[in-house]
There are 2 protein chains.
Amino acid sequence: MTNVDLQKTNAVEPEARAGDARAEAFQGVRAARRNELAEDYVELIAELIHNQGEARPVDIATKMGVTAPTVAKTLDRLARDGLITRAKYRSVFLTEEGRALAKECRHRHEIVLRFLIRLGLDPETAEHDAEGIEHHVSERTLALFAAFANRS
Amino acid sequence: MTNVDLQKTNAVEPEARAGDARAEAFQGVRAARRNELAEDYVELIAELIHNQGEARPVDIATKMGVTAPTVAKTLDRLARDGLITRAKYRSVFLTEEGRALAKECRHRHEIVLRFLIRLGLDPETAEHDAEGIEHHVSERTLALFAAFANRS
DNA sequence: GCCAAAAGTTAGACAAGGCTAACAATCTGC
DNA sequence: GCAGATTGTTAGCCTTGTCTAACTTTTGGC
Ligand SMILES: [Mn+2]
Ligand SMILES: [Mn+2]
Ligand SMILES: [Mn+2]
Ligand SMILES: [Mn+2]
C-alpha cells in the first residue's frame with residue numbers, strides 16, 4: 001500500500017524507498033540492531049585472544065552474562081557469517097573479516113567511552129552506556145565525539 | 001570457572017550476581033533493547049494523536065517503515081503490556097502508563113537530539129542517531145547531555 | 001593413567017519481531 | 001447506498017536470541 005502509493009506518486013524515485021525520513025531512520029536503527037550482537041562478540045573475542053591467548057566459550061559466556069548454549073548458538077551464526085572459525089571443543093578464532101570488524105568496534109567503543117568520560121560521566125556508567133550507544137553512532141557523530149574527547 | 005572462582009573468593013557476595021561488571025553492562029544493554037520498540041511506538045502514537053487527532057495503524061506502519069501486520073502484532077503486545085488500548089478496526093489509545101512513558105521518551109529524545117545538534121551534527125544525521133542512542137542513555141548521561149545542550 | 005570436574009554440545013522450548021498471502025471491515029465518491 | 005479503494009486482521013512462516021536439561025568431550029590432580 002505504501003509501496004503502491006510511492007510508485008504512483010513518485011515513479012521517478014531512484015530507489016523504491018519506504019516513505020518519509022522517519023521511516024528511514026527507524027529502518028537504519030533496526031539495521032544497526034541486527035549487528036549489535038556480532039559486534040560485541042567479535043570485540044570481546046579479540047580482547048580475550050589478546051589478554052588470555054585464546055577465546056574460550058566459557059569466558060565469552062561469563063563476560064557476556066549469558067549461558068553456554070546461548071554462546072554456542074551465537075558462535076554458530078558468527079561462523080556462518082564468516083566472522084569466526086571454530087572446531088568442536090576448541091576455542092574460537094577470528095577470520096580476517098572478524099578481525100577487521102573487531103578492530104573497528106574497539107575503536108568506536110574507545111572513542112564513545114572517552115567521550116562520555118570527558119563529558120563528565122563516571123567511568124562505570126560511561127562503560128555501561130558506551131556498550132549500548134556505540135552501535136548507534138554514525139561516522140559523523142563519531143568524528144565529533146573524537147574531537148570532543150581530544151580537545152585540550 | 002569464573003563462577004566458581006567468584007564463589008570461592010567472594011562467598012559473602014550479597015547477590016548471586018552473574019560475574020563481573022562487564023556482564024552487568026551487557027545485561028543492562030539487553031534489558032534496554034527489550035524496551036526500545038515499545039518506547040518508539042508509544043512516542044510515535046502520542047505524536048500522531050497530537051498531530052492528527054488519532055493514531056491509526058496505517059500511519060504507524062508508514063512512519064515506522066514496517067508492514068501493517070507487524071504493527072498489528074506489536075500493538076497487541078503493547079496492549080498486553082498495558083501501554084495502549086485498542087478495539088478492532090479502531091485507532092489506538094495510550095493508557096495512563098503509556099502516556100507517561102511517551103512523555104518520558106519524548107523528553108529523552110528531545111534532549112539527545114538537541115545535544116547532537118549542539119555538538120555540531122547536521123539535523124538529519126542527528127535525528128537518525130538520536131533514534132538509536134536515546135534508548136541507551138542513563139539518567140546521568142542524559143543530565144550531562146541536557147547541560148551541554150543548554151550551555152550558553 | 002584414571003576419573004571427577006569443567007567445558008562444550010545438542011535438543012528442544014519459547015518470545016519477539018519481521019514478512020507475505022489471504023480475507024474482512026470500513027470509508028468514500030459518485 | 002454501493003462499488004472499489006483503503007485499512008485492518010488473521011494465519012502462518014522465518015530468524016534471532018534467550019533459556020533448561022541432558023549428554024559428551026576434554027582436562028587436570030592425584
Ligand atoms: Mn556494545
Ligand atoms: Mn563494545
Ligand atoms: Mn528510538
Ligand atoms: Mn524516539
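Values in this document were obtained by computation on a predicted structure and should not be read as measured data. Below, chains carry the letters A, B, ... as their sequence lines are ordered, and counting in each starts from 1.
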Please report the interatomic distance CD1(B/Ile60) to CG(B/Leu44), rounded to the nearest 0.5 Å. 6.0 Å

Below the 4.0 Å mark, does C/dT10 have OP1 or OP2 next to a side-chain nitrogen or oxygen of A/Lys88? yes

Considering just the side-chain nitrogens and oxygens of B/Thr67, establish if one lies under 4.0 Å of OP1 or OP2 belonging to C/dC19. yes

Heavy atoms under 4.0 Å, any strand shown: does B/Arg33 hit a base, just sugar-phosphate, or nothing? nothing

Mind calculating the distance between CG (A/Asp76) and C1' (C/dA11) to the nearest angstrom? 13 Å

Would you say C/dA6 has OP1 or OP2 under 4.0 Å from some side-chain N or O of A/Arg56? no

Distance test, side-chain N/O of A/Thr70 to OP1/OP2 of D/dC19, below 4.0 Å: yes

Can you check the B/Lys73 NZ to D/dG8 C1' distance for me, whole Å? 15 Å

Between C/dA15 (P) and B/Leu78 (CG): distance, integer Å: 17 Å

Nearest heavy atom decides the nucleotide; on that basis, is A/Asp81 or B/Ala72 closer to the 5' end of DNA chain D? B/Ala72

Nearest whole Å is fine: how far is C/dG17 C1' from A/Arg34 CZ? 11 Å

d(CD, A/Gln27; C1', C/dC19) in whole Å: 13 Å

With a 4.5 Å cut-off on side-chain heavy atoms, are B/His136 and B/Val29 touching? yes

If you measure from OG1 on A/Thr141 to CD1 on A/Ile111, what distance do you get to the nearest 0.5 Å? 11.5 Å

Nearest of C/dG12, D/dT10, C/dG17 to any side-chain atom of B/Leu37? C/dG17

Between P of D/dT16 and CZ of A/Arg30, the distance in whole Å: 16 Å

Using a cut-off of less than 4.0 Å, is there contact between a side-chain N or O of A/Arg90 and OP1 or OP2 of C/dG8? no

Answer yes or no: does a side-chain N or O of A/Arg77 lie under 4.0 Å from OP1 or OP2 of D/dT18? no

Which label fits B/Phe145 and B/Phe115: parallel for a plane angle under 30°, tilted from 30 to 60°, or perpendicular past 60°? parallel

Rounded to whole Å, CE of B/Met64 lies from C1' of C/dA16 at a distance of 14 Å

Residues B/Lys63, B/Glu47: salt bridge by 4.0 Å N-O rule: no

Take the protein atom CG of B/Leu75 and the nucleotide atom P of C/dA16, then report the distance between them rounded to whole Å. 14 Å

